[in-house]
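Okay, structure first, notes after.
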Amino acid sequence: MNARPHKHPMNEIKLNRLMEHNQRLREELALPRVRVSEASASLIRYCKSTKDHLTPSVWGPVGKNENPFADQPQQGCSCVIM
């Protein structure tokens, strides 16, 4: 008597894995592609148009009121309750 009645042969398991992998590759192939030159040009445009407060050497000094990373002035008591 067979101890495992629902055991698939190893070849069927390998075939199923290959079929699933093939299907994933087909789905990936169908994804829209962007040329590297277009992507890099888009990235350069974004970097030139978006001000980054962490690179003052590029954008110049940033005023404290514009810089979200600067310490904000405290209003009232500066006590911290723990």
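Here the structure is a predicted model, which is why all the values come from computation and not from measurement. One is the number of the first residue; the rest follow in order along the sequence.
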>> Checking Glu28 now: which residues fulfil side chain to side chain contact (heavy atoms under 4.5 Å, CB included) with it, not counting sequence neighbours?
In response: Leu31, Arg33
> Is there a donor-acceptor pair under 3.5 Å between the side chain of Ser49 and the backbone N or O of Tyr46?
Replying inline: yes
>> Going by side chain to side chain contact (heavy atoms under 4.5 Å, CB included), name the residues that satisfy it together with Val34, two or more places apart in sequence or in a different chain.
In response: Glu38, Ala39
Show which side-chain atoms of residues 10-25 pair as donor or acceptor with protein atoms under 3.5 Å away, not counting sequence neighbours.
from: Asn16; atom 1: ND2; to: Glu12; atom 2: O; distance (Å): 3.4
from: Gln23; atom 1: NE2; to: Glu27; atom 2: OE2; distance (Å): 3.4

